[in-house]
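Report on the following structure.
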Number of protein chains: 2
Amino acid sequence: MTGYQHSSRILVALDCIIFGFDGEALKLLLIKRNFDPEFGKWSLMGGFLNADEDLHDAATRILFTLTGLQNNYLEQLQTFGAVKRDPVERTISVVYYSLVNIDDQDPLALKTHNASWIDLSNKPRLIFDHDQMVEAALRQLRYKAALYPIGFELLPEKFTVPQLQKLYEAIYNVKLDRRNFSRKIMATELLMGTGEKDLTSVTKKGQLFKLNKEKYQDYLNGYQSFLPEFTELSLS
Amino acid sequence: MTGYQHSSRILVALDCIIFGFDGEALKLLLIKRNFDPEFGKWSLMGGFLNADEDLHDAATRILFTLTGLQNNYLEQLQTFGAVKRDPVERTISVVYYSLVNIDDQDPLALKTHNASWIDLSNKPRLIFDHDQMVEAALRQLRYKAALYPIGFELLPEKFTVPQLQKLYEAIYNVKLDRRNFSRKIMATELLMGTGEKDLTSVTKKGQLFKLNKEKYQDYLNGYQSFLPEFTELSLS
DNA sequence: TAAAAATGTGTATGTTTGACACATAAATAG
DNA sequence: CTATTTATGTGTCAAACATACACATTTTTA
């Protein structure tokens, strides 16, 4: 609601949780701060909302600054607004999370911002309430990836079924049965065979697939759900 | 992220989507504005964030102002931040949604604010981007009610199984099979029989149940999901 | 070249969902 | 007050799905 007598104006920040996948584990793009406040500590990438900028545009800008990427999956997560969350000044932070292909981003931009990809399992303590943000983002990723096939945003354009399985095992931190997983994925009709084989990766077997874009859109639009039984794994 | 050179401070509003259930249909508590701007039009209840106030506390305050209720289910939904969403001044709005027992609230507070319960199906056009907010809230309610038994927040303390079924039919806008629904609900072990029968409502039959608080907590904590097959209905 | 590991396809079993039958209790119409 | 209609409570069955596991083939490694 708006239009009431104005209360005080408040600083609006954005923070981005950036997920990647290296074939084995889920990774986060984190910053070792070479600026104040909290110099030397780890944090998420963030920035402030400009007065003439849409919220989503601001998130896109911040993501672009760090990765050089522009067309990634980017979704608003939640807004954190405890009074003392930032000890320096009262600031609320609108948090976004993004899924990127870890191989695509700009290494120079990473170096400039002193950023690196960290295994989720090795995550250092982050400043302020950033740990809570990451926790919430992981929960949201787990929920969303169960109903929509957004996991593909973390993979290269072409990938094998076992690669995809490893991704889902990393997201949900479970071991899955190869045969059942394959059958289920194939039933979605989301994959199109390329005829090629994977010659690049360490494991040089397995047929390469890519996404069927139309089917993919159908799933994103919610005409059917992706792996609904995974919602069970999304809880807690 | 915080601690960068400050950009401009921005007005932070909150808007509340308040859901109720009258035994037949899902309802929204809406305001016919008797103040500017947009005098005479319908909107959500809202207000501004104070500088010394946690975000969630502000939402609680706004909900209390309108309903006189304090311990309702209240969850943050999303933050709306398009530059021109409020034509008067740049304002971002953090949106919360709440589930209340429609019989519990303070009729005086409603009158004071010119608020009334409106059937979701009869919702008038709302100001600004409030229609989008309602749409997002309904989607979130549908998702959440599938995995967690939060629907009970909309019912009185004691209720019958058919009442509960009507609620879920209203939330998901579907017709459900009485026998299958009953079986499934009973399997959750969430209901405790009171031995009483419903003598108050129009329909004077059916055993009255109340929530098993411990089981309820287990479900809220995500140790198991509530009606997972409903996630299918949450999509789109 | 042989052994080990990863891959692709297939089958059987238990559980869950969704469609439907029947009996009983309560409300309504005459 | 009684008959009819409506709402409620419990049960059964078949189809769909999830899970567990077997086997043959290909690729990698020793």
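On a predicted model such as this, the values are computed, not experimentally measured, just so you know. Letters go in sequence order (proteins before strands), and every chain restarts at 1.
Residues that satisfy the side-chain hydrogen bond (donor to acceptor under 3.5 Å, both in side chains) test with A:Gln105, not counting sequence neighbours, are absent from this structure. Looking at residues two or more places apart in sequence or on another chain, you find no ring-ring contact (aromatic ring centres under 6.0 Å, His included) involving B:Tyr216. For A:Glu75, the side-chain hydrogen bond (donor to acceptor under 3.5 Å, both in side chains) partners at least two apart in sequence or on another chain are A:Tyr73, A:Tyr97, A:Gln140, A:Lys144. Every residue meeting the side chain to side chain contact (heavy atoms under 4.5 Å, CB included) condition with B:Ala59, not counting sequence neighbours, appears here in chain and number order: B:Leu14, B:Leu74, B:Tyr96.
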Please list, for nucleotides 21-24 of chain C, all pairs of protein and nucleotide N/O atoms separated by less than 3.5 Å.
{"from": "C:dA21", "atom 1": "N7", "to": "B:Arg179", "atom 2": "NH1", "distance (Å)": "2.7"}
{"from": "C:dA21", "atom 1": "N6", "to": "B:Arg179", "atom 2": "NE", "distance (Å)": "3.4"}
{"from": "C:dA21", "atom 1": "N6", "to": "B:Arg179", "atom 2": "NH1", "distance (Å)": "2.8"}

Every protein N/O within reach of nucleotides 16-18 of chain D N/O, cut-off under 3.5 Å:
{"from": "D:dA18", "atom 1": "OP1", "to": "A:Glu229", "atom 2": "OE1", "distance (Å)": "3.3"}

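With DNA chain C read from its 5' end, the first of the two nearest nucleotides for B:Asn180 and A:Pro162 is the one closest to A:Pro162.
For residues 105-126 of chain B, the pairs satisfying salt bridge (charged side-chain N to carboxylate O under 4.0 Å, His left out) are B:Lys27-B:Asp119, B:Lys123-B:Asp131, B:Arg125-B:Asp131, with sequence neighbours left out. A side chain to side chain donor-acceptor pair (under 3.5 Å) check over residues 59-69 of chain B, counting only residues at least two apart or in different chains, returns the pairs B:Glu53-B:Arg61. For residues 180-191 of chain A, the set of pairs meeting the side chain to side chain donor-acceptor pair (under 3.5 Å) definition, not counting sequence neighbours, comprises A:Asn180-A:Arg183, A:Lys184-A:Glu229.
Side-chain N/O atoms of A:Thr231 and B:Thr231 include no donor and acceptor closer than 3.5 Å.
Residue A:Gln165 contributes atom CD, which lies 14 Å from atom P of C:dT9 at whole-angstrom precision. Atom CZ of B:Phe181 and atom C1' of D:dG11 are 19 Å apart (whole Å). Summarising the geometry, the separation between CG on B:Leu164 and P on D:dG9 is reported as 12 Å, rounded to the nearest angstrom. Per the geometry, CG belonging to A:Leu176 stands 11 Å off P belonging to D:dA20, to the nearest Å. Taking atom CG of A:Leu208 as the reference point, atom P of C:dT7 lies 12 Å away to the nearest angstrom. In this structure, the CG atom of B:Leu191 is 11 Å from the P atom of D:dG9, given to the nearest Å. Rounded to an integer number of Å, the gap from CG of A:Asp177 to C1' of C:dA12 is 14 Å. Distance B:Met186 CE to D:dT10 P: 7 Å, rounded to the nearest Å.
Remark: the backbone N or O of B:Ile150 is not paired with any side-chain donor or acceptor of B:Glu153 at under 3.5 angstrom.
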